[in-house]
Amino acid sequence: MITNAEIASLLGELARLTILEEGSPQAFRVRAYEAAARAVEGLDEPLAAKSEAEIAALRGLGRGTARKVRELVETGRIAHLDRLRATFPPSFQELTGVPGVGPKRALALRDHLGIRSVEDLRSALDAGAVRTVPGFGARTEENLARAVARLGAGGKERRTPIGAALRLAGDVAAALASVPGVTRAEAMGSLRRFRETVGDVDVVAVVEGDPGPVMARFVALPMAVEVIAHGPAKSAILTSAGIQVDLRVVEPQQYGSAALYFTGSKAHNIRLRQRAIERGWTLSEYGLVEAASGRVLASATEEEIYAALGLQWVPPELREDAGEVESAAAGGLPRLIEPADLRGDLHVHTDLSGDGREPLEVMVAAAAARGYEYLGITDHGEDLASNGVGREGMLAQRSRLEGLRERYPGMALLHGVELNIGPGGSVDYDPEFLAGFDWAVAGVHTHFDLDREAQMRRILTAMRNPAVRAIAHPTGRIIGRRAGIDFDLEAVLAGAEETGTALEINGSLDRLDAPVEMLRACRDRRVVLLIGTDAHHPRELGNVAWGVSHARRGWVEPARVANTWPRERFLEWAASGR
DNA sequence: GCCGTTTTCGGCCCGACTGTTTTCAGTCG
């Protein structure tokens, strides 16, 4: 059966192609398809099982989309989408990936010069033909030539994994904050919303007085290899890593509206502006303004702007127009999990695993310093080719851990293991040896390319293994590098509910796995979650902050996460079923 | 294409910048 994610993806493609058909990304049909795609993403129940009337009754979906969804479910195709695909093949769509080329110019280039690909555009630019197209001049031709020449470095579509972007944003913000007059410098945009990948890094700096010095410092940063724009309130640089950083300087009294605007998402902001319009106001990065009088109603803080619009303050991680505006209007936003809720870490490596960096004693001391009530040490099981630990190694570690228990009476020390789920669902060691562990997570580390059915069989088999308490990094993805295994979301959630196996939220910035869609789908289900750091070094115990931010994107409240539970309750749960 | 506590028709988000313009279109975030 076709999944909601697949339907949403096709609706998104419909939106992108309709931009070309309409010649505008603001066209109402485009926005309707985009809204429909978001609505489908946020649904808990499979759309494919619903009738046309039921689909049309859903918020954001109407008769047109309902008919297309039914057509898709019944025939496997959407005729309208097929027509659009034929009219605008992928090579033509790539034209709008050139900075400076939107739908109108792409269509004008096609109609006047027969340009149907970036290669065609390159040739036309070389021949000096582009300036002959109405609305195009010599300057535009020059700019396009530069844009096409730079395409190799990544066009508009290039996205950076969050890990690299966070480090860069931290460096930039710290440098700017040290400039006199700067009272705050913070990353906004998709980074603040904690998206897994970001298109660029947006930084807002609050400056009292002259913005000149902070701008000068910004464009002279050591990581800047090119200054893309340099203005009094707005500049942009390209860094050595190929990531664009935009800086906006604002006055203190506009911090709230600027933060709101630059954090986005675009869809969330549009919803807020609609609410403003309903009340006779306008909302922009400069403030919430009464349209008739021009009087500023709110601008200094996000809180006062949300409050004026009759909304609870919405945590940045939720700002995707995925139901958060409705919840905020009803006062029903969830109390999202916070770092302070966590009482233990259950996915921690030592130097016994080849990839761990510090001995057991150091890792345990670092966990104790964080005030944890329980800790699971989970080095790799023996099946992992390079870093696995044999039986003798595990038994020796168990004795050493035993010896540490006296020193940490406040922290329960669990001797655990990170098992490897084989292609058929088997795990390391044998049942007797496995029974000697206090705790075990199991994850996929090999055979990423089996088909969906085989992947589901192996995950469900591992879940039914009495030794396995949690599935570590459920999809096995590496952000920006590896897609992760093919998944049947419903099967995994049902398996987790049935067996009581927890799904890990892996806090490593390379993973952030389980993905957000999986976490959202867990709402209103009896799936136990767990936030693990996968720490290979004491400082990586701090990955818990990333796991929490990621969980917040998935609307996760603390009660659903096992390692927020008090020690006794957690230990009882950890020991059950084994 | 979707939606409705003024509407089943007539609306649908904001501002800056750039370049080609003689009053505005297109792109971007």
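The shown structure was predicted, so the numbers you read here are calculated from the model rather than taken from an experiment. We name chains A, B, ... by the order of the sequence lines, and we start the count at 1 in each one.
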Please check the phosphate of [N] (OP1 and OP2 only) for any side-chain N or O of [X] closer than 4.0 Å.
| X | N | result |
| --- | --- | --- |
| A:Arg31 | B:dC13 | yes |
| A:Thr140 | B:dT20 | yes |
| A:Tyr33 | B:dC2 | no |

Are [X] and [Y] within salt-bridge range, i.e. N to O under 4.0 Å?
| X | Y | value |
| --- | --- | --- |
| A:Arg85 | A:Glu13 | yes |
| A:Glu320 | A:Arg38 | no |
| A:Glu326 | A:Arg271 | yes |

(request) Just name whichever nucleotide pairs with B:dT8, Watson-Crick or G-U, keeping both distances under 3.5 Å, else none. (result) none

(message) How many whole angstroms separate atom CD of A:Glu278 from atom C1' of B:dC13?
(response) 12 Å

Measuring only the [atom1] atom in each nucleotide, how far is [N] from [M]? A whole number of Å is fine.
| N | M | atom1 | result |
| --- | --- | --- | --- |
| B:dT8 | B:dC14 | P | 24 Å |
| B:dT20 | B:dA25 | P | 16 Å |
| B:dC12 | B:dA16 | C1' | 22 Å |

Heavy atoms only, 4.0 Å cut-off, all strands: where does [X] land among base, sugar-phosphate and nothing?
| X | result |
| --- | --- |
| A:Thr18 | nothing |
| A:Leu272 | nothing |
| A:Arg105 | sugar-phosphate |
| A:Asn143 | sugar-phosphate |
| A:Ala138 | sugar-phosphate |
| A:Gly264 | nothing |

(message) Can a side-chain donor-acceptor contact be found between A:Arg159 and A:Thr197 if the only test is distance below 3.5 angstrom?
(response) yes

(message) Can you confirm if the NZ or CZ of A:Arg248 lies within 45° of the ring axis of A:Phe262 and under 6.0 Å from the centre of its six-membered ring?
(response) no

(message) Main chain of A:Tyr261, side chain of A:Asn269: is a donor-acceptor contact present, judged purely on distance under 3.5 Å?
(response) yes

(message) Please determine whether any donor N or O and acceptor N or O are separated by less than 3.5 Å between the side chain of A:Tyr261 and the base of B:dG15.
(response) no

Minimum-distance nucleotide (side-chain atoms of [X] versus [options]):
| X | options | value |
| --- | --- | --- |
| A:Pro99 | B:dC28, B:dC2, B:dC13 | B:dC28 |
| A:Lys68 | B:dG1, B:dC13, B:dG29 | B:dG1 |
| A:Gln274 | B:dC2, B:dC13, B:dC14 | B:dC13 |
| A:Arg59 | B:dC14, B:dG4, B:dG1 | B:dG4 |

(message) On DNA chain B, does the nearest nucleotide to A:Phe136 precede the nearest nucleotide to A:Lys234 from the 5' side, or the other way round? Give the residue.
(response) A:Lys234

(request) Please figure out whether A:Arg139 or A:Lys266 has its closest DNA chain B nucleotide nearer the 5' end. (result) A:Lys266

